[in-house]
Amino acid sequence: MKCLPGRARGSAVLLRAAKLLVAALATLTLLAAQGGAFAQGTRGGTLVVGTTFEPRQLNPAITTSWADHLVASKIFSSLIRFPEKGFPTPQPDLAESWTVSPDGKRLTFNLVRNAKWHDGKPFTSADVKFTFEEIMPKLNPNRAIFKSITKIETPDPYTVVMERTQPFVMFYFDMYNAGILPKHIYQEGDASKNPANLKPVGTGPFKFKEWVKGSHIELVRNDQYFRPNRPFLDRVVFKFVPDTGAAIAALEKGEIDLMPRWVPLGDVQRIKAMPGIEVSSIGGVALAQLRWMTFNVRDPQLADVRVRQAIALGIDTAAVTRLATGGHFEVAETFIWKQFPEFNPKFSVSSAFRRDPAKAQQLLDAAGLKPGPGGVRAKLDLLTHTGVGDLDKTVEIIRDQLREIGIEVVVKRVERAAAFDLAKDGKFHLYIHSNWSTGPDPVTAPQRFFTSENIGKLLGNAGGYKSPEVDDLTEKALAEANPQKKKELVWRLQEIFLRDLPALPLQQWVPVSAYRSEFVDVTTHSADGHESFEDAYLKKAAR
Amino acid sequence: MERSYSAFVLRRIMAAIPLLLAIISVNFFLIRLAPGDPITMIIGEASQYDAALVADVRARFGLDLPLYQQYFSYLWRALQGDLGISFYFDQQPVLDVVLSRLPQTALLLVLGFTVAVVAGVFLGARAARRPYSATDNVASIVGLLGYSIPSFWLGMLLILVFSLKLDWLPVGGLMDVRTPSTGLAMIVDRARHLVLPVLALSGFHLALITRLTRGSMLEVLQLDYITTARSKGLHERDVYRRHALRNALLPVVTAAGYTVGFLLAGSVLVETVFAYPGMGRLLYQALIARDFPLMLGILIVVSITVIVANLVTDLVYGRIDPRIRLR
């Protein structure tokens, strides 16, 4: 399958159209210019991004931290990229085109020929080979993914051929490295301690200028960028604003222009009402973050599936979502997003378990949880964490609804890292974490959270759910290159999930960002924060 | 006199050593008692499926050793001035990270302290001149508010009024990053960014010192020697300043000494609200990331500051009150 870059195709069409118009009528050339690629953005301006977390360092190949990637993705280029528009179709970046072998295990990238490192050295296939041989399998936190690459060949400076034991998941070339490193800078010494990690040299649209610790990072336009007429902005500044309330005030006053991801849902209405500010929820689809309630099946009460079903019947997830998130999140139905092609509506948890307190109580009776003094059938600890307003509300509403079926919920709200620890050790009955990544591969969630090998691991299978069937299906689905066969395996997993209910899906989490409306295209990537800003521009270069 | 003075200082410094040691020890174990594994914050989601990576990182930071061993090795290195490597900023020594933030916090602290003490003493003395007058009542109400409003909330309130409504001052940060300035304009820019944090930080202590000065003044003004001074025909202003205020200030000096420690604690919240790159915010960041060495490093620097501040308070006290014998 040959993938022609959509952008090149688009401009070729435009060029032809323009030629025709020039030949025809002079008046129409005006229209061509207005609708053409050149009239799209305007040069100049500074974009100030107010971010809650300061990066630890700026080498994208050795980190999965969102804060690091937010800045690094503007300095470094990937081989391909995944804009939200058209997801999951990859778009070219350093690779202008590529071919995949039928079994999905062999990939050939054709690289751009005019890319230069910010220090002036040319970019070649040797840099790609170096990054995927020397850095990713050793220092990337997701190195397991890259260890499975068995061979990398560079027949010429602009071609890279890779082979892997399992089919390639294209998204990994974007998100999990989001940046090819310069071999000439990283080949000597320990890359994790290279001074360039704090003063990065990339091929991206913006060059690193200065990092004032605790205050801000300044990037400036890369005039040598390999895509012509890009980027539009002159400067991008990342200002560290730890308090979201203060960040909203700074946005309102125009001290920052973009507040990525961390806008509290409770403030969205107020921010939307502010003149000159837009709210965006682009950038959720690739990671497909989900919020669910994990049942600790090691607990004798919750080991009985009838009790888990009763709890599902006791909760009106649609109402919880509407009330807790102001309708900004959608109801979750299973362990993947409804937007995924592999989602099968037949196995929707919320339609299978529409709220029915009477039926829930029958199930509890049958499971031997009879009402005690005050009508209390069971007392369950609900572990959750602080710092997310809509999560607090979700938990409170669930507590209220479960009281009606005789389940008394005792909320244990601790700080995030503490909750991870308690969850790992199974010290809870019910556990709700703000959001878990379940994409881009639909098998991500079953593998991480519901296979037996991940029991007792940090951020793993906290509930202790064990199913040889799930273990087996997960392994098969991960190795499957045929989309139809993979879909069928994922369906089967959804069916088992609905039957066994190891967790109750609650909401599909989306990143909510806010920005000043004089800026265009500041949130475009399918994993928010990973856009390069090369297409972002200021409507009137006023600032 | 001078000799006993230096002996006193020396003794106090010697006494500070076991105190510091105790602080390090208690904190070392206390922060490790809290649930939460730094590994989660260092390597994120991959920690769940890559056991080898987890082991590597644990070994790199010495987290695989038994706790007592970690403690003694930390103590031994700390005594030599090596506070370890920050987990979160993992290429940088803790001492460098902390010291890079110290000047900003020191500036905030000195300004906050000065505002609290100077304005507090002035307002308190002023209010005591005519108790229960309009001025006094206003001072009392403002004092009560200042005393009861938490600093981060006061900070948000100040932002709302002075930045958003009146548009006089910036919302936060160290400087204007959109249009960086140089020279004199830069100093003005930095100063503008300091006004609200200093007010938010000093609010509570300003109120405290106002109330303390007022109460102390009222007490002193009833004493016999004031009556004597007045009957000597001294000018009322001299009675106030030279006779009453001097004696009334004694408890204020003690309170001012303690203020330093509380100001440092307050800087955690104030620096976070105002996005000010100081040590307080660093502590908040370190806490979220479970960065044990960084947390300990900051606590050590803070402890030293507080110990020094208390020492200075004692010395000043000895100077202004000859009844106190420093032993």
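Any value given below was found using the heavy atoms of this structure, including those in side chains, with hydrogens, waters and symmetry copies removed. Here the structure is a predicted model, which means the values were calculated and not measured. Note on naming: letters A, B, ... go to the chains in the order of the sequence lines (proteins, then strands), and numbering restarts at 1 for each one.
The environment of A:E475 atom CD is sparse: at most 12 non-hydrogen atoms of other residues, nucleotides or ligands sit within 6.0 angstrom. Within a 6.0 Å radius of OH in A:Y172, other residues, nucleotides and ligands contribute more than 12 heavy atoms.
A donor-acceptor pair is defined here as one N or O able to donate and one able to accept, closer than 3.5 Å; no such pair exists between the side chain of B:R178 and the backbone of A:L47. No donor-acceptor pair under 3.5 Å is formed between the side chain of A:K213 and the backbone N or O of B:R101. Panel note: side chain B:R281, backbone A:P242; no donor-acceptor pair is recorded below 3.5 Å. Proximity of a side-chain donor or acceptor of A:R416 to a complementary backbone N or O of B:I288 within less than 3.5 Å is not detected.
Between chain A and the options B:T179, B:I159, B:V177, heavy-atom pairs under 4.5 Å are most frequent for B:V177. For the set B:G173, B:G172, B:G278, B:G155, the entry with the most heavy-atom pairs within less than 4.5 Å of chain A is B:G172. Across A:E218, A:Q57, A:E415, A:K424, the residue that shares the most heavy-atom pairs under 4.5 angstrom with chain B is A:E415. In terms of heavy-atom pairs under 4.5 Å with chain A, the best-connected choice from B:L160, B:T272, B:D176 is B:T272.
Residues of residues 162-170 of chain B having a heavy atom under 4.5 Å from any heavy atom of chain A, listed by number: B:S163, B:L164, B:D167, B:L169, B:P170.
Atom CD of A:E54 and atom OH of B:Y88 lie 8.0 Å apart (nearest 0.5 Å). The CG atom of A:D243 lies 10.0 Å from the CG atom of B:L269; values are rounded to the nearest 0.5 Å.
Taking the ring pair (Phe, Tyr, Trp, His ring centres under 6.0 Å) definition, one finds that A:Y186 meets it with nothing, sequence neighbours left out. A search for salt bridge (Lys or Arg N to Asp or Glu O under 4.0 Å) contacts involving A:D381 returns A:K412, not counting sequence neighbours.
Proximity to chain B (any heavy atom under 4.5 Å) is shown, for A:V414, by neither the backbone nor the side chain. Heavy atoms of A:T63 lying under 4.5 Å from chain B are absent altogether. There is no contact between A:S65 and chain B, counting heavy-atom distances below 4.5 Å. Residue contact with chain B, scored on non-hydrogen atoms closer than 4.5 Å, involves the backbone of A:N194 exclusively. In this structure, the portion of A:K239 lying under 4.5 Å from any heavy atom of chain B is its side chain and not its backbone. Using a 4.5 Å cut-off between heavy atoms, A:V241 touches chain B through backbone and side chain atoms alike. Contact of A:L198 with chain B is made through the side chain alone, with heavy-atom distances under 4.5 Å.
The minimum heavy-atom distance linking A:K253 with B:V171 is given by the pair CD-CG2, 3.8 Å. For A:S215 against B:P277, the heavy-atom pair with the smallest separation is N-CB, 3.8 Å. For B:V273 against A:A246, the heavy-atom pair with the smallest separation is O-CB, 3.1 Å.
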Show which side-chain atoms of residues 23-32 of chain B pair as donor or acceptor with protein atoms under 3.5 Å away, not counting sequence neighbours.
from, atom 1, to, atom 2, distance (Å)
B:S25, OG, B:L21, O, 2.7
B:S25, OG, B:Y71, OH, 2.6
B:N27, ND2, B:I23, O, 3.1
B:R32, NH1, B:F28, O, 3.3

